[in-house]
*Asks:* 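If you scroll down you'll find the structure; I have some questions about it.
Just so you know, residue 1 is the first one in the sequence shown, and it goes up from there. Both counts, for ligands and for their atoms, begin at 1 and track the order of listing.
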Amino acid sequence: MYDVVIVGGGPAGLTAGIYAARARLETAILERLMPGGQAAVTDYIENYPGYPEGVAGHELVARMQEQAEKFGCQIRSDEVEAVDLGKRTVITGSESYLWKALIIATGADPRTLDVPGCAALKGRGISFCATCDGALFSGRHVAVVGGGDSAVKEAMYLTKFASEVFVIHRRDKLRAEGIIQEKAFNNEKITFVWDSIVTEIKGNQQVEGVHIKNVKTGEGKDLAVSGVFVYIGRIPNTAMVNVEKDKAGYIITDSDMRTSVEGVFAAGDCRSKEHRQVATAVGDGAAAAMSAEEYIAGF
Ligand code: NAP
């Protein structure tokens, strides 16, 4: 029996772990992969307060993990298979964890492109992580699909390796924030391909190109690239928990991170909200842990 079980070890979960463990609550974070979540594979974070010179994502989350463990938070490598709200139990492949309060901080996974060639060539030139795979494309041409912060930031990162980066976006305006756009427009290695969607990813053993279609003119053409990096948004990892969610599957909470089920809280990117940043995830995690502490006090 734990006071607090936190599912997910990204910035929201790690911050909840710091606050809960520091409040002397018996706390465990269950993380299916390495702690750190999406932030851990973000090359450089320039807008996290306290780091005017920027900080590597993996370094920031390693410090958060160290801080959580310093206060006694247990971080377990265990994939959650089910959450039994009635029995207050989280079930993994090997164990059952009983909780007094549960914090869901499971984040969201990358959305994939639903076009011919995508499933077959995943890992053979199609990637969802420039930080992980960018160096494999040294001197090559690559495509990035999407027009949000992730697509544009990662396109810039890829210019460290690739000789040319095509950013293929379905509209003629980026969703990415202004300062990120400005930097990308000034980067000579980036070519924007506007109003276009990828209709096929081509290649036998490895990606050899993409077929794109201009959504305004209907015109189609091939683009020779060795890699395709897909950044077209995310899908929340919330299927395992039966609390109230919005249409897209994000968990609905009040401003103190309480879900529709008593004693169950949600924090970070898996929560229904407008802004998804490391700084907002950290705020959610702190609030969720403090709400959990209040809840347990009346247990
Ligand atoms: P996002 O903001 O949802 O952007 C997704 C992009 O993919 C949009 O440009 C969208 O086009 C496009 N798209 C969606 N479905 C598509 C499809 N089927 N085919 C082609 N294009 C498609 O996702 P994100 O960039 O992953 O960012 C997620 C959150 O993290 C955001 O809140 C973002 O601000 C935050 N973030 C922040 C930073 C930072 O450094 N500040 C870095 C990364 C992420 P439309 O624009 O036409 O909808």
*Asks:* Give me the residue, atom name and distance of the protein heavy atom closest to atom 48 (O) of ligand 1.
*Replies:* Arg175 NH2, 2.6 Å
*Asks:* Hey, which atoms in ligand 1 end up nearer than 4.0 Å to a heavy atom of Ser150?
*Replies:* 24 (P), 25 (O), 26 (O), 27 (O), 43 (C), 44 (C)
*Asks:* What I want to know is whether Gly148 and ligand 1 share at least one N or O pair that is separated by under 3.5 angstrom.
*Replies:* yes
*Asks:* How about Val61 and Val278: do any of their side-chain heavy atoms sit closer than 4.5 Å?
*Replies:* no
*Asks:* Among side-chain atoms of Gln38 and Asp269, is any donor-acceptor pair under 3.5 angstrom?
*Replies:* no
*Asks:* Looking at Arg63, I'd like to know if its CZ atom is crowded, meaning that more than 12 non-hydrogen atoms belonging to other residues, nucleotides or ligands lie closer than 6.0 Å.
*Replies:* no
*Asks:* Do Phe185 and Phe192 have ring centroids that are under 6.0 Å from one another?
*Replies:* yes
*Asks:* How far is atom 42 (C) of ligand 1 from its nearest protein heavy atom, and which residue and atom is that?
*Replies:* Asp149 CB, 3.6 Å
*Asks:* Under a 4.0 angstrom heavy-atom cut-off, which atoms of ligand 1 come close to His169?
*Replies:* 9 (O), 11 (O), 45 (P), 46 (O), 47 (O)
*Asks:* Is it true that a side-chain atom of Thr259 and a backbone atom of Val264 form a donor plus acceptor pair closer than 3.5 Å?
*Replies:* yes
*Asks:* If we only consider heavy atoms of Asn47, is any one of them less than 4.0 Å away from an atom in ligand 1?
*Replies:* yes
*Asks:* Among Glu46, His275, Arg170, which one puts a heavy atom closest to atom 19 (N) of ligand 1?
*Replies:* Arg170
*Asks:* I need the minimum non-hydrogen distance between Tyr2 and Ala28, along with the two atoms involved.
*Replies:* CE2-CB, 3.5 Å
*Asks:* Using distance alone, decide if ligand 1 has a nitrogen or oxygen within less than 3.5 Å of any nitrogen or oxygen in Arg111.
*Replies:* no
*Asks:* Is the shortest distance from a heavy atom of Gln277 to ligand 1 less than 4.0 Å?
*Replies:* yes
*Asks:* Is the side chain of Arg276 donor-acceptor paired with the backbone N or O of Arg271 at a distance under 3.5 Å, no angle test?
*Replies:* yes
*Asks:* Can you tell me the protein heavy atom closest to atom 23 (O) of ligand 1 and the distance?
*Replies:* Gly233 CA, 3.7 Å
*Asks:* Is there at least one protein heavy-atom neighbour under 4.0 Å from atom 28 (C) of ligand 1?
*Replies:* no
*Asks:* Do any N/O atoms on Gly147 end up under 3.5 angstrom from N/O atoms on ligand 1?
*Replies:* yes
*Asks:* Could you tell me whether the side chain of Lys100 and the main chain of Met1 form a donor-acceptor pair under 3.5 Å?
*Replies:* no
*Asks:* Say whether Glu177 and ligand 1 are in contact under the criterion: heavy-atom distance to a ligand atom below 4.0 Å.
*Replies:* yes
*Asks:* Let me check something: any side-chain donor-acceptor pairs from residues 220-231 under 3.5 Å, sequence neighbours excluded? List them with distances.
*Replies:*
{"from": "Asp222", "atom 1": "OD1", "to": "Lys202", "atom 2": "NZ", "distance (Å)": "3.3"}
{"from": "Asp222", "atom 1": "OD1", "to": "His211", "atom 2": "ND1", "distance (Å)": "2.7"}
{"from": "Asp222", "atom 1": "OD2", "to": "Lys202", "atom 2": "NZ", "distance (Å)": "3.2"}
{"from": "Tyr231", "atom 1": "OH", "to": "Phe128", "atom 2": "O", "distance (Å)": "3.4"}
{"from": "Tyr231", "atom 1": "OH", "to": "Ala130", "atom 2": "N", "distance (Å)": "2.9"}

*Asks:* I'd like the name of whichever of Arg276, Lys273, Gln38 reaches closest to atom 35 (C) of ligand 1 through any heavy atom.
*Replies:* Arg276
*Asks:* Can Arg258 and Asp254 be counted as an ion pair, charged N to O under 4.0 angstrom?
*Replies:* yes
*Asks:* Any nitrogen or oxygen of Arg234, side chain or backbone, less than 3.5 Å from one on ligand 1?
*Replies:* no
*Asks:* Are Phe166 and His141 close enough, and set up right, to give a side chain to side chain contact (heavy atoms under 4.5 Å, CB included), and what steps lead you there?
*Replies:* CA-CA 8 Å; Phe166 297 97; His141 287 193; 4.0 Å; yes
*Asks:* For Gly249, does its backbone N or O pair with a side-chain atom of Thr238 as donor and acceptor, under 3.5 Å?
*Replies:* yes
*Asks:* From the options Asp269, Asp114, Ile180, Ile232, select the one whose nearest heavy atom is closest to atom 14 (C) of ligand 1.
*Replies:* Ile232
*Asks:* Using a 4.0 Å cut-off to any heavy atom of Tyr231, which atoms of ligand 1 qualify?
*Replies:* 6 (C), 7 (O)
*Asks:* Would you check whether Glu274 has a nitrogen or oxygen atom less than 3.5 angstrom from a nitrogen or oxygen atom of ligand 1?
*Replies:* no
*Asks:* I need the nearest protein heavy-atom contact for atom 46 (O) of ligand 1: residue, atom name and distance, please.
*Replies:* Arg171 NH2, 2.8 Å
*Asks:* Could you tell me which atoms of ligand 1, counted from 1 in the order shown, lie closer than 4.0 angstrom to a heavy atom of Lys153?
*Replies:* 40 (O), 42 (C)
